[in-house]
Structures are given as structure tokens and as C-alpha cells.
Amino acid sequence: MSQQVAFIGLGNMGGPMAANLAKAGFTVKAFDLSAEALEKAAQAGCQTFTDPCEAATDVDYVVTMLPSGPIVEAVYIHQQKLLDAVGKHTLLIDCSTVAAENSRKVGVEAEKRGLHFIDAPVSGGTGAAAAGTLAFMCGGEPEDVERAKTVLNAMGSNVFYAGGHGAGSIAKLCNNMLLAVHMIGTAEALQMGVNNGLDPKVLSEIMLKSSGCNWSLEKYNPYPGVMPNVPASKGYEGGFMINLMLKDLGLAMDAAKGSNSAVPMGALAQSLYTVLKHQDERQGMTDFSSVLKLLQ
Ligand code: NAD
């Protein structure tokens, strides 16, 4: 019999992730508050449920992909009370982007009940979710992360062990804070070059082979027309929304405060993305590389 996975939260990320699990041969028992999301999951080969606890009864794994930490806590502990519904053999995997405290809280509550939980937030957006090439940054017991690989490898291409409960969430926030900083730096360097008569394509080629090379320049050039198939060349549509970057920067600033860390560049990035959201015609739904517009 195939292994069973309950998948809770079938949105832009969770929908394609659940579909990849079904494609890989897992029996996927799917739940979401949205009827539309459930309908799509059914079309992708998942069994659908109207109660998350029913979906999670007697499964090998539970995967959650939810909008926020308070919702993750509500689903596991306070409201839907998944922790009281699953069997001891079930491994619980939360892939949502949340504060480390949320991950630790669920981890502690799980342990109290003799259950196993890991935080496993992802790097890679909806494209990587659909392609099955996400990177997972995991926190929890090493043997639980090892066991989770059976499921995670069907949705991604890299699984990292970061440390105990909450370590995956911290790694994710560090990564996305750096992403915001190098995206802004890349945009301002390109715009300064253009303002001084350079062709952004030529400048990009030069910096790609020089010490300014970075992921934003290499994979996600913010200057329109330099790279095909990136949001900048499609009116900044699709991609990773300003709102989601602001969510992650907010969580990163909380983590910095909680650990007395100096994050001057991250704080400036948060301010710039707040200004960008105020100016955005799509109320923060535009891709985060549109930060270039602030600098024009
Ligand atoms: P989304 O809003 O598209 O999907 C969230 C889904 O959760 C929705 O379908 C919603 O109906 C469902 N939901 C909300 N409360 C629920 C509950 N109590 N029970 C069951 N379902 C519930 O969000 P998304 O873009 O899929 O993001 C999910 C998580 O992944 C977030 O934590 C986000 O920060 C993170 N993330 C997103 C991206 C991205 O590019 N979209 C990239 C990396 C990480």
C-alpha cells in the first residue's frame, strides 16, 4: 500500500506541492478552507476532506503549508487540534514561513504528546513548487528530518538540516532578508549604470563575471528586458509578491530584535519595501523586483 500524506493548505504553494506528492505515488488526503483549492487538488489526484482531523487520521505524514504562524498554531494546537487527532507514528512537517517561536511551540506541544514535528520552510516560489525543485530548511530531531526526506524529496531537490525546532524557520528568514538586500543592491547598481549611459544587459554581463555577481542578478534580473521569463520582463507580474517579502522581513526583524542582532541593511530593506507597497498600484501584489521602480 502506498504511504499516506495529509496535506493541509492547498494555496499557491501547497496546491502544486500536494499535486507532486500524488504524482510521486503517495496517497494524498487534502484539506483546505477553500472549496476552489480542494477542487483543484481533486483534479490533481488527491482525495479531498472537509475536516482536517479526518484527513490526518492514520496517515504516515502530515504536511502543512499555511499563511502564518498564528494559523499554524491554530491548526495544530488551538482550533483544529491536529496534535490530538494524529497517531504516534505520524510525522508532522510544517513547510509554512513562520516565526521560530511558532515552530518551537508546536514542537514542544507535539513532544508532550509523544509526537514528532519538524519545521521545514521552503526556498523557491510557485515555479519551484510546481517543478518540484524547492529547497527545504529543516529544524527538529535529525532522525525526523531524515525520515521526512521520503516526502520532501518528492517536492524538492535539496533538504538541509539546520538544527533543533525553529532552526529551519530562522534559516529561512536569514535567507530572505539577504534576498531583499541583494535585490535592492542589484537594482540600484543597474539603475546607476543606466543613468550613466550603460546598457543594462552589458552591465549585467560584466557584473555576472565580476565581484558583484549574486542570485538576483543571475536568476532574477530586476531590469526589464535583460532576462526573458523573469517578472521584470513581464510587467513585474507573477513571481514573489511585495506583500510576501514584507511578511518575511517583518518576521526577520522580530527575530533580530529577539536575539539582539544588528540588521541595518535588513531594516532599510523593510522600509524600502514598505514605501514600494504604498506606491504599488496592485497593493503589494506586484513582484518584489519592482523595487527598481523606486530608484528610477
Ligand atoms: P496562499 O494564501 O496561496 O495559500 C494558503 C492556503 O491556506 C489557502 O488556500 C487558504 O485557504 C489555506 N488556509 C488558510 N487557513 C487555513 C486553515 N485553517 N486550514 C486549512 N487551510 C487554510 O499562500 P502560499 O503562497 O501558498 O503560501 C503558503 C506559505 O508558504 C506561507 O507561509 C508563505 O509565506 C510561504 N511561502 C510562499 C512562497 C510564494 O512564493 N508564494 C514562497 C515561499 C514560501
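Just follow the structure's listing: the first ligand is 1, and inside any ligand the first atom is 1. What you see is a predicted model; the values in this text were computed from it and never measured.
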List of N/O pairs, ligand 1 versus protein, all under 3.5 Å?
| residue | atom | partner | partner atom | Å |
| --- | --- | --- | --- | --- |
| ligand 1 | 3 (O) | Asn12 | N | 2.9 |
| ligand 1 | 3 (O) | Asn12 | ND2 | 3.2 |
| ligand 1 | 9 (O) | Asp32 | OD1 | 3.3 |
| ligand 1 | 9 (O) | Asp32 | OD2 | 2.7 |
| ligand 1 | 11 (O) | Asp32 | OD1 | 2.6 |
| ligand 1 | 26 (O) | Asn12 | N | 3.2 |
| ligand 1 | 26 (O) | Met13 | N | 2.8 |
| ligand 1 | 32 (O) | Leu66 | O | 2.8 |
| ligand 1 | 32 (O) | Thr97 | N | 3.0 |
| ligand 1 | 32 (O) | Lys247 | NZ | 2.9 |
| ligand 1 | 34 (O) | Lys247 | NZ | 2.9 |

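- Residue Gln296 places its CD atom among more than 12 non-hydrogen atoms of other residues, nucleotides or ligands, all under 6.0 Å distant.
- By the 30° and 60° cut-offs, the orientation of the rings of Tyr76 relative to Phe117 is perpendicular.
- Residues Tyr220 and Phe240 place their aromatic rings such that the two centres sit no closer than 6.0 Å.
- With sequence neighbours left out, the salt bridge (charged side-chain N to carboxylate O under 4.0 Å, His left out) criterion links Lys209 to no other residue.
- Between Phe26 and Tyr61, the ring planes are perpendicular. Angles over 60° get that label, and only those under 30° would be called parallel.
- With salt bridges taken as basic N to acidic carboxylate O contacts below 4.0 Å, one links Glu109 and Arg113.
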